[in-house]
K.L.:
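One structure follows; several queries about it will come next.
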Amino acid sequence: MSKYLFLHIFLITINAQVIRSDLCTNQIAMSKPVIDFCLSRHGSFYFRCCYSSNLTDLIGIDLTHLDLTQIPNVNQYPNLTNVTVIDLRDNFRLKPSNNEDFLSMKSLNSLYLPESYPCPGDKHIWQIINHTSDPAGFLCENPKDTCNVSTDLCSELNSMCTSNGPNHFLCLCKPDYYGYKCLRHGQFPFGTFFGTAISITVIVSGIFYLVQRRDVKND
């Protein structure tokens with residue numbers, strides 16, 4: 001039993017290596033919504049973090065009682081992009097910090113926030129917003145597709161809008177278009193691009209090599 005437990009924790013640790021330990025550790029999960037969600041998905045807990053049944057994806061996280069002042073950045077914790085449920089209540093100093101809060105969290109469906117932090121985008125973005133008690137805060141649930149609730153997000157002719165987390169979006173080029181303002185049509189010339197880049201690199205390296213050799217001879 002102890003060997004199985006050790007292996008179980010070891011596998012989760014390996015899959016969680018891109019998550020800094022201070023997000024998951026400190027204490028075990030106490031948030032009832034996160035625990036209930038994790039059990040319903042047959043997930044496994046590693047302290048505060050719930051991983052999918054195959055131990056590959058972080059799907060839920062309890063961030064209560066951490067005295068956070070801002071939302072963890074996805075650039076710093078990349079596995080947060082797969083999270084479905086986050087509980088951030090009981091962080092009384094937490095407030096909206098910038099326009100990157102919850103950026104790239106495309107799977108986020110249930111967001112629990114303290115009273116100091118209203119649902120980002122309010123009813124314009126969330127289908128369900130409820131007050132919670134014990135602990136007090138907000139439940140923001142079922143985010144709408146940002147691209148469907150606004151019509152002027154990607155104005156370029158050959159661009160298209162795609163959701164990039166609650167209240168966030170990306171403008172991408174439509175298929176067969178690329179370049180500045182998606183004005184170029186056809187496939188991106190990867191062969192020409194990389195061939196030119198490699199040729200320039202070789203030429204510049206050769207010049208530096210010859211210059212260095214000349215300096216060595218002069219010395």
Side-chain angles (χ1 to χ4, degrees), residues 12 15-20 23-24 29 31 33-46 48-64 66 68 70-89 91 94 96-114 117-130 137-156 158-175 177-178 182:
I12 294 178
N15 283 288
Q17 58 186 332
V18 293
I19 296 278
R20 277 179 47 183
L23 259 190
C24 286
S31 166
V34 174
I35 294 173
D36 290 345
F37 171 78
C38 193
L39 293 176
S40 70
R41 295 296 183 91
H42 306 289
S44 300
F45 272 105
Y46 177 69
R48 291 177 174 271
C49 295
C50 170
Y51 285 85
S52 58
S53 56
N54 58 7
L55 306 180
T56 58
D57 295 323
L58 175 64
I59 58 175
I61 185 166
D62 174 8
L63 296 179
T64 59
L66 282 179
L68 296 174
Q70 63 182 19
I71 303 298
N73 194 308
V74 174
N75 293 326
Q76 189 176 8
Y77 307 103
N79 264 15
L80 288 177
T81 55
N82 298 315
V83 168
T84 303
V85 178
I86 298 180
D87 195 342
L88 287 153
R89 292 174 297 178
N91 289 289
L94 184 67
S97 52
N98 53 52
N99 292 330
E100 295 186 356
D101 287 353
F102 310 109
L103 180 66
S104 298
M105 294 188 186
K106 300 177 184 179
S107 299
L108 186 59
N109 188 67
S110 297
L111 173 62
Y112 292 83
L113 291 168
Y117 196 132
C119 296
D122 202 48
K123 293 182 179 180
H124 182 68
I125 295 297
W126 300 91
Q127 296 183 34
I128 299 174
I129 296 178
N130 289 324
F138 298 101
L139 166 59
C140 322
E141 200 164 28
N142 299 338
K144 303 174 185 177
D145 189 326
T146 307
C147 298
N148 292 336
V149 296
S150 299
T151 58
D152 58 346
L153 298 180
C154 298
S155 57
E156 301 302 333
N158 300 316
S159 67
M160 60 182 182
C161 180
T162 181
S163 181
N164 195 32
N167 208 25
H168 294 287
F169 68 94
L170 284 175
C171 290
L172 303 177
C173 292
K174 293 179 180 178
Y177 288 91
Y178 66 95
C182 304

K.L.:
Between the side chain of N142 and the main-chain N/O of I128, is any donor-acceptor distance below 3.5 Å?
P.N.:
no
K.L.:
If you measure from OG on S110 to CG on D87, what distance do you get to the nearest 0.5 Å?
P.N.:
10.5 Å
K.L.:
Looking at side-chain heavy atoms only, is the closest gap between L111 and P120 below 4.5 Å?
P.N.:
yes
K.L.:
Let me see the working for T64 and R48 under side chain to side chain contact (heavy atoms under 4.5 Å, CB included), right down to the final yes or no.
P.N.:
CA-CA 9 Å; T64 59; R48 291 177 174 271; 4.2 Å; yes
K.L.:
Is there a side chain to side chain contact (heavy atoms under 4.5 Å, CB included) between Y112 and V34? Walk through the geometry before answering.
P.N.:
CA-CA 10 Å; Y112 292 83; V34 174; 6.0 Å; no
K.L.:
Can you see which heavy atom on Y117 is nearest to which on F138, and at what distance?
P.N.:
O-CD1, 3.7 Å
K.L.:
When rounded to the nearest 0.5 angstrom, what distance separates CG in L58 from SG in C24?
P.N.:
6.0 Å
K.L.:
Any donor-acceptor pair under 3.5 Å linking the side chain of S53 with the backbone of H42?
P.N.:
no
K.L.:
Could you check if a side-chain atom of S163 sits within less than 4.5 angstrom of a side-chain atom of F169, using non-hydrogen atoms only?
P.N.:
no
K.L.:
Under a 3.5 Å distance rule, please check whether N148 uses its side chain to pair with a backbone N or O of D145 as donor and acceptor.
P.N.:
no
K.L.:
Got M105 and L80 here, is their nearest side-chain heavy-atom distance under 4.5 Å?
P.N.:
yes
K.L.:
Nearest 0.5 angstrom please: C50 SG to D36 CG, how far?
P.N.:
11.0 Å
K.L.:
How about S31 and F37: do any of their side-chain heavy atoms sit closer than 4.5 Å?
P.N.:
no
K.L.:
Under the criterion disulfide (SG to SG under 2.5 Å), I'd like the reasoning laid out for C140 against C119: C-alpha separation, chi angles, the key distance, then a yes or no.
P.N.:
CA-CA 6 Å; C140 322; C119 296; 2.0 Å; yes
K.L.:
Between C171 and C161, is the disulfide (SG to SG under 2.5 Å) condition met? List the steps.
P.N.:
CA-CA 5 Å; C171 290; C161 180; 5.7 Å; no
K.L.:
Output every pair passing side-chain hydrogen bond (donor to acceptor under 3.5 Å, both in side chains) with a member in residues 164-175, not counting sequence neighbours, ordered by first then second residue.
P.N.:
none
K.L.:
If you look at every heavy atom in C49 and Y51, which pair is closest and at what distance?
P.N.:
CB-CE1, 3.7 Å
K.L.:
Who are the side chain to side chain contact (heavy atoms under 4.5 Å, CB included) partners of K144, not counting sequence neighbours?
P.N.:
Q127, V149
K.L.:
If you round to the nearest 0.5 Å, how far is CD1 of I61 from CG of N82?
P.N.:
12.5 Å
K.L.:
Roughly how far, to the nearest 0.5 Å, is the CG atom of L108 from the CD atom of E141?
P.N.:
10.5 Å
K.L.:
Does L88 form a side chain to side chain contact (heavy atoms under 4.5 Å, CB included) with L66? I'd like the steps, not just the answer.
P.N.:
CA-CA 9 Å; L88 287 153; L66 282 179; over 6 Å; no
K.L.:
Is there a side-chain contact between P143 and N109 (heavy atoms, below 4.5 Å)?
P.N.:
yes
K.L.:
Taking all non-hydrogen atoms of both residues into account, name the closest pair between P96 and D101 and its distance.
P.N.:
CA-OD2, 3.7 Å
K.L.:
For the atom pair CG (L63) and CG (L94), what is the distance rounded to the nearest 0.5 Å?
P.N.:
9.5 Å
K.L.:
Counting distance only, does the side-chain N/O of R89 pair as donor-acceptor with the main-chain N or O of L139 below 3.5 Å?
P.N.:
no
